[in-house]
*Asks:* 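Below you'll find the structure I mean.
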Amino acid sequence: MSNFKPLTDLSVAKKESEIADYWDDNEILAKSIAIRDGKTPFVFYEGPPTANGKPGIHHVIARTLKDSVCRYKTMQGYQVKRKAGWDTHGLPVEIEVEKQLKLSNKQDIEAYGITEFNQKCRESVFSYEQQWREMTKRMGYSIDLDHPYVTLDNDYIESVWWILDQFFKQGLIYEGHKILPYCSRCGTGLASHEVAQGYKVIKSNTVVVKFKRKDAEEYFLVWTTTPWTLPSNVALTVNPQEVYLKVRQNEEIYYVSKTLSHKVLGEEFEVLEEIKGKDLEYVEYEQLMSFVKADKKAFFVTVGDYVTTEDGTGIVHTAPAFGEDDYNTGRRYNLPVLQPVDETGKFVTTPWQGSFVMDADLDIIKWLHGEGKLFKKEKMEHNYPHCWRCQTPLLYYAKPSWYIEVTKFKDKLVENNNRVEWYPDYVGEKRFGNWLENANDWALSRSRYWGTPLNIWRCGCGHTTSIGSRKELIENAVETLDQTTIELHRPFVDDIHIKCTKCGATMTRVKDVIDCWFDSGSMPFAQHHYPFENSENFDQLFPADFICEGIDQTRGWFYSLLVISTFVKGVAPYKRVLVNDLILDKDGHKMSKSKGNTVNPFELFDQYGADALRWYLLYVSPAWTPTKFDIEGLKEVQSKFFSTMRNVYAFFSLYANTDKLDPRTFFINYQDRPELDQWVLSKYNSLLKDVEMDLSVFDLTKAVRKIQEFVNEDLSNWYIRRSRRRFWGTELTDDKKAVYNTTYEILVGLAKLVAPFAPYISEELYRSLTDELSVHLADYPVANTQLIDSELETRMDLVRNLVGLGRAAREQVRIKVRQPVQQILIDGKYEQLIDYMLPLIQEELNVKAVVFAKDLSQYMNFSLKPNFKVAGSIFGPKVKSLGKALATLDAASVVLRLEAGETIALEVEGELLDLVKDYVITTIVAKEGFTMTVEDNLFVILDTTLTKELIDEGYAREYISKVQQMRKTNDYEMMDRIKIYFDGDEEIAQAVKLYEDYIKKETLADDIERINDASLEKQNLNGHETGLKLEKSS
RNA sequence: GGGGAAGUAACUCAGUUGGUAGAGUGGGGAUCUUAUAAAUAUCUGGUCGGUGGUUCGAGUCCAUCCUUCCCUACCA
């Protein structure tokens, strides 16, 4: 191949789609894994998205991170297997189907039929899968979609059962009550995100009630906002650390928190005793309402840290049936659960039998008043959750539920978490760490339909047992089952019974399914159908080296993975976790359908390209900060980075193809290449080093920003721009070979460098530049530190700064760069350093000579300031006085002496100090009368006197520029030869004559003719109106 | 209410161990071009959220308050 393909003009959408097809056709993912056979594995776990709902932009960011890291690690030489997964169970799926079928509660579902309902759930899941596949392919997320793990597969469920069986066998699964928000009208519990939607401010009656102490005529004062829960009271709870008062008021004796005593009792009361909360523990009292009988010991004081003294009385009414804290307290003290309310929210006993609990509040207050148990009542406004579907106030209900006793091995969780590397670290240490410290038991069961069935069977005799595999189920089943057709979902498993080993009776399965987070948390095992398959090589697939998900997974997947693996294997299932935050709209608001500020990723892919979107998301802010999505930023990335990359390639290929040159056929040794090449190679290799460092701590943002900076500033705007003439040369000199070598090497390197982040453009570039199959099979470039020359980089920076200053100086006096000037002066101390770079400065600034000024005082005034960093640590508080002392010195002479290495004695605060060069910073300011610019002690002085010669040359340069512009507007080819006609005054004509050869060479003109013709296009040459016309040579 | 993160130019963000605030975008007027719907330099622009403290010196460390976002929670 002697020809470098031009980049296609197809729309990004079309181009990227073609490349994606190319990857599929050539099985690039499979090959990238196959060629790393035997290499160190880098284990990655894909968090399964819920296949319920369309993929959005927030999915694109997480997957961009995952993909970039996996591609990077692959290119680094690791073997990175990537198995897709789908989370297919759970309430969100059920709700979706309920809506679709217009079912509004569980009764409806059961009437519709569980078989049919679950069939619909299964279909619903797969209807979204297609969109996810499309998005995955389109964004270039390289993952194996053809062999995914799916949580609804029998194999998957079997692995989950195996895990549950382990928990059960070790006695870590128990049945208890879970308090959950419950809509009594709909007859169903609500998930927390549903609860969050329905908060409303309501007014309710709050009461302070008197609970009589059993062994004395004394009363505990207790506040509640829900009088209807009082019949279920079984305990009072106080804070063990708080001080409580026993007081007398109006001949009655009360207990109340010291802090709140005035708020509750007013000012007039007599303090009888101060008691610490802890000392009230187990003090018994009489049941407030004796409508419900307790079957265990109850009605005594308990302690709990959650009790505060901000509201109420500091003594909390505790009804385990209706509150989470209450329920937990109940468990700690083994209290009974009194439940006089049925599933429709009505009292089944008590005088208020048949009425909805909240409607009974007033009657209950009347009853309390009548019994003399009411201390006071008041109305209060507060937030209360309502059912978002029917507006019924929700009740917090204790429902029987199965738990995993996480609290038993909480310490192990914390310990394992401490070994995980979190990016950023605070998510693991604080957010997740704190959460683990306070972890409660995991409520495992759900009284629903579409999920992994709980594998527990119960007998009438009270015996329970669990089943750990299909085989075990078949062997123990009363019914005859077929290994090949067995289906583990409801309702089929509900019909399977097993024989009780205790009493011989028939056991029935507990009807619940399990929390779908348990499904996804089991994936390290279940994705490989462990331990039924792959158990021999499991250690190679566990634990993950890397996972990456949104911050919302702290309580979700991160947690469920950790709990399950800690139990099963004793270690954390992941070594490194990269966490990403949300995507907000450009004003920093959360995207939501109701606000209408969401963005459709597919539209962005089509319009700007997946590469640009991926690059932008990485570029705009670090993964772990909320990303404000702004389309303008996306456009900027597209033009700044992607079009620059394409243009550099286009430039290179244009000349390589025109000259029929292939840089792979020759090689100039690095040390023989020009300074400019060595400089850009040094920059490039420094970049490789930096990128490797940033990526080692998953800071993709820094890496991407540095790459973009290099491409824009160093490669395009300096190296290529400065090297243009080297490409034009007709002879194949070593210099020309060098520029081709260098450009080619860097372009190929860049294609690889960029590949993990922008897989499409890198592929296009790489395949245009090489004969290889794919950039994603290549090795990631590694810095050649021998080519890094930081001193050279410094020198070039200096030159670039000087050039900038020179331009600024020209600007001051309005002499454009095309007008040559005689000379500039720069600081003599740089002579050694940049002597040989002078031609570069001359050309950039269009000056005839660069002069190093030796005696600066001729042009400059000096001032001296302390170098705080050095002097501050030595002189301490005296630096301020030092500053004043320095100001009094004759700066010009002091600078010379210090530069020469002399020490100067200086009196500061009556003490003599030895002043050396390091203690001061010299600043220079231009003296009046010089055209110069100064910045950071760098300066350029411009000699602005223009001789006749310079002015003529200026005309010539101007003349050339105009002709070149006209060539362009006339659409001439680059190599077309032309003839120039012009008219104009004598001054111009003379200059043209003088520089005729130069003009001809620059413009590829064979002939220049001065004519008189009014039809010529009028141009302004530095104030001289001149007509110009071009014509192609025949 | 609890936990976490953040607050720097009009906007998006850098700012390493404390050393006297920086880039891009935007806006203004210029320049340059045989790669660029481009580029180059330049001008414009800041009580580093507020207040205290430590220090010779604080965007950076400490305390406290304010604001925004996220997670979580009917704490009676």
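Naming: A, B, ... by sequence-line order, numbering from 1 per chain.
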*Asks:* Heavy atoms only, 4.0 Å cut-off, all strands: where does A:I720 land among base, sugar-phosphate and nothing?
*Replies:*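 Base contact.
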*Asks:* Quantified in whole Å, what is the C1' atom distance between nucleotide B:rC48 and nucleotide B:rG59?
*Replies:*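 That atom pair is separated by 5 Å.
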*Asks:* Between A:Y719 and A:D714, is any pair of side-chain heavy atoms under 4.5 Å apart?
*Replies:*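 Counting from C-beta outward, A:Y719 and A:D714 never come under 4.5 Å.
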*Asks:* Tell me yes or no: between the side chains of A:S621 and A:T627, is some donor less than 3.5 Å from an acceptor?
*Replies:*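 Yes, side-chain donor-acceptor contact under 3.5 Å.
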*Asks:* Among B:rC70, B:rU33, B:rG4, which is the nearest nucleotide to the side chain of A:R818?
*Replies:*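 Among the listed nucleotides, the one closest to the side chain of A:R818 is B:rU33.
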*Asks:* Without decimals, in angstroms, what is the distance between A:K635 NZ and B:rG26 P?
*Replies:* 12 Å
*Asks:* Using the C1' atoms only, state how far B:rG2 lies from B:rG15, rounded to an integer number of Å.
*Replies:*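 To the nearest whole Å, 33 Å.
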*Asks:* A:E713 has an atom CD; how far is it from atom C1' of B:rU25, in whole Å?
*Replies:* 14 Å
*Asks:* Looking at A:Y426, does the NZ or CZ of A:R431 lie under 6.0 angstrom from its six-membered ring centre and within 45 degrees of the ring axis?
*Replies:*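 Not satisfied by the 6.0 Å and 45° rule.
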*Asks:* Kindly give the heavy-atom pair with the smallest separation between A:I841 and A:L802, and that separation in Å.
*Replies:* CD1-CD1, 4.4 Å
*Asks:* Would you please confirm or rule out a distance under 4.0 Å between OP1 or OP2 of B:rC70 and any side-chain N or O of A:R431?
*Replies:* no
*Asks:* Please state the P separation for the pair B:rA23 and B:rU44 - nearest whole angstrom.
*Replies:*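 It comes out at 13 Å once rounded to the nearest Å.
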*Asks:* Tell whether A:S716 reaches the base of B:rA35 with its side chain through a donor-acceptor pair below 3.5 angstrom.
*Replies:* yes
*Asks:* Does A:W435 or A:P622 map to a spot on RNA chain B nearer the 5' end, using the closest nucleotide for each?
*Replies:*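 That would be A:P622.
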*Asks:* According to a strict under-4.0 Å criterion, is A:R721 in side-chain N/O contact with OP1 or OP2 of B:rU40?
*Replies:*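 Looking at the OP1 and OP2 atoms of B:rU40, neither is under 4.0 Å from any side-chain N or O of A:R721.
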*Asks:* Could you tell me how the ring of A:F727 sits relative to the ring of A:Y655: parallel (under 30°), tilted (30 to 60°) or perpendicular (over 60°)?
*Replies:*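 The rings of A:F727 and A:Y655 sit tilted, inter-plane angle from 30° to 60°.
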*Asks:* Does anything in residues 641-652 of chain A pair up under salt bridge (Lys or Arg N to Asp or Glu O under 4.0 Å), and if so which pairs, sequence neighbours excluded?
*Replies:*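 The answer is A:R646-A:E764.
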*Asks:* Sticking with atom C1', work out how far B:rU60 lies from B:rU20, rounded to a whole angstrom.
*Replies:* 13 Å
*Asks:* So which of residues 700-712 of chain A are in contact with RNA chain B, with a heavy-atom cut-off of under 4.0 Å?
*Replies:* A:K702, A:R705
*Asks:* Who are the side-chain hydrogen bond (donor to acceptor under 3.5 Å, both in side chains) partners of A:D1006, not counting sequence neighbours?
*Replies:*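 Here the qualifying residues are A:R977, A:S1033.
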*Asks:* Hey, does the side chain of A:S639 come within less than 4.0 Å of B:rA37's phosphate (OP1/OP2), counting only N and O?
*Replies:*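 Checking A:S639 against B:rA37: no side-chain N or O falls below 4.0 Å of OP1 or OP2.
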*Asks:* Counting side-chain heavy atoms from C-beta on, which of B:rA76, B:rC71, B:rA39 comes nearest to A:V307?
*Replies:*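 Output: B:rA76.
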*Asks:* When you measure from the side chain of A:N717, which nucleotide among B:rA35, B:rC70, B:rU40 comes out closest?
*Replies:*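 So the nucleotide nearest the side chain must be B:rU40.
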*Asks:* Say you pick atom P in B:rU17 and the same atom in B:rC61; how far apart are they, in whole Å?
*Replies:* 9 Å
*Asks:* With rounding to the closest Å, how many angstrom separate the P atoms on B:rG46 and B:rG50?
*Replies:*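 It works out to 15 Å between them.
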*Asks:* What is the distance, to the nearest angstrom, from the CG atom on A:N846 to the C1' atom on B:rU31?
*Replies:* 13 Å
*Asks:* From CD of A:E632 over to P of B:rG26, roughly how many Å is that when rounded to an integer?
*Replies:*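 These atoms are roughly 9 Å apart.
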*Asks:* Considering heavy-atom distances to RNA chain B, does A:W624 or A:S643 have its closest nucleotide positioned more toward the 5' end?
*Replies:* A:W624
*Asks:* Once you round it to whole Å, what is the distance between P of B:rU34 and CZ of A:R726?
*Replies:* 18 Å
*Asks:* What stem regions, each of at least 3 consecutive Watson-Crick or G-U pairs below 3.5 Å, can be found for RNA chain B?
*Replies:*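 Stem segments, range with range: B:1-7 with B:66-72, B:10-13 with B:22-25, B:26-28 with B:42-44, B:49-53 with B:61-65.
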*Asks:* Please report the distance, rounded to the nearest Å, between CD in A:E636 and P in B:rA37.
*Replies:*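 Rounded to the whole Å, the gap is 16 Å.
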*Asks:* Check the distance between B:rU34's P and A:K1001's NZ and give it to me in whole angstrom.
*Replies:* 13 Å
*Asks:* Starting from P on B:rA5, measure out to CD on A:E429 and report it in whole angstrom.
*Replies:*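 Whole-Å distance recorded here is 10 Å.
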*Asks:* Name all residues meeting the salt bridge (charged side-chain N to carboxylate O under 4.0 Å, His left out) criterion together with A:D659; count only those two or more places apart in sequence or in a different chain, and write none if there are none.
*Replies:* A:K736
*Asks:* Tell me what A:Y616 touches on the nucleic acid: a base, only sugar-phosphate, or nothing, going by heavy atoms under 4.0 Å.
*Replies:*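 Answer is nothing: A:Y616 stays at 4.0 Å or more from every strand.
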*Asks:* From B:rA35, B:rA76, B:rG4, pick the nucleotide closest to the side chain of A:Y426?
*Replies:* B:rG4
*Asks:* Do A:Y559 and A:W517 have their ring centres less than 6.0 Å from each other?
*Replies:*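 Centroid separation for A:Y559 and A:W517: 6.0 Å or greater.
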*Asks:* Using atom C1' of each nucleotide, how far apart are B:rC32 and B:rU40 to the nearest Å?
*Replies:*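 Between the two C1' atoms, the distance is 7 Å.
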*Asks:* Distance check: side-chain N/O of A:K430 vs OP1/OP2 of B:rC71, anything under 4.0 Å?
*Replies:*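 Looking at the OP1 and OP2 atoms of B:rC71, neither is under 4.0 Å from any side-chain N or O of A:K430.
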*Asks:* Does the ring center of A:Y285 lie less than 6.0 Å from the ring center of A:F211?
*Replies:* yes
*Asks:* In terms of side-chain heavy atoms of A:N434, which of B:rG4, B:rG24, B:rU12 is nearest?
*Replies:*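 Nearest to the side chain of A:N434 among the choices is B:rG4.
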*Asks:* Between A:F322 and A:Y396, is the ring centroid distance below 6.0 Å?
*Replies:*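 Ring centres of A:Y396 and A:F322 not closer than 6.0 Å.
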*Asks:* Of the listed nucleotides (B:rA76, B:rA35, B:rG4), which one gets closest to any side-chain atom of A:Y655?
*Replies:* B:rA35
*Asks:* Check every atom of B:rG4, B:rU12, B:rA76 against the side chain of A:K628 and return the nucleotide holding the closest atom.
*Replies:*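 The answer is B:rU12, which lies nearest to the side chain.
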*Asks:* Report the residues that fulfil side-chain hydrogen bond (donor to acceptor under 3.5 Å, both in side chains) with A:W422, sequence neighbours left out, ordered by chain and then residue number.
*Replies:* A:N417
*Asks:* Say we look at B:rG49 and B:rC11: how far apart would their P atoms be, to the nearest angstrom?
*Replies:* 13 Å
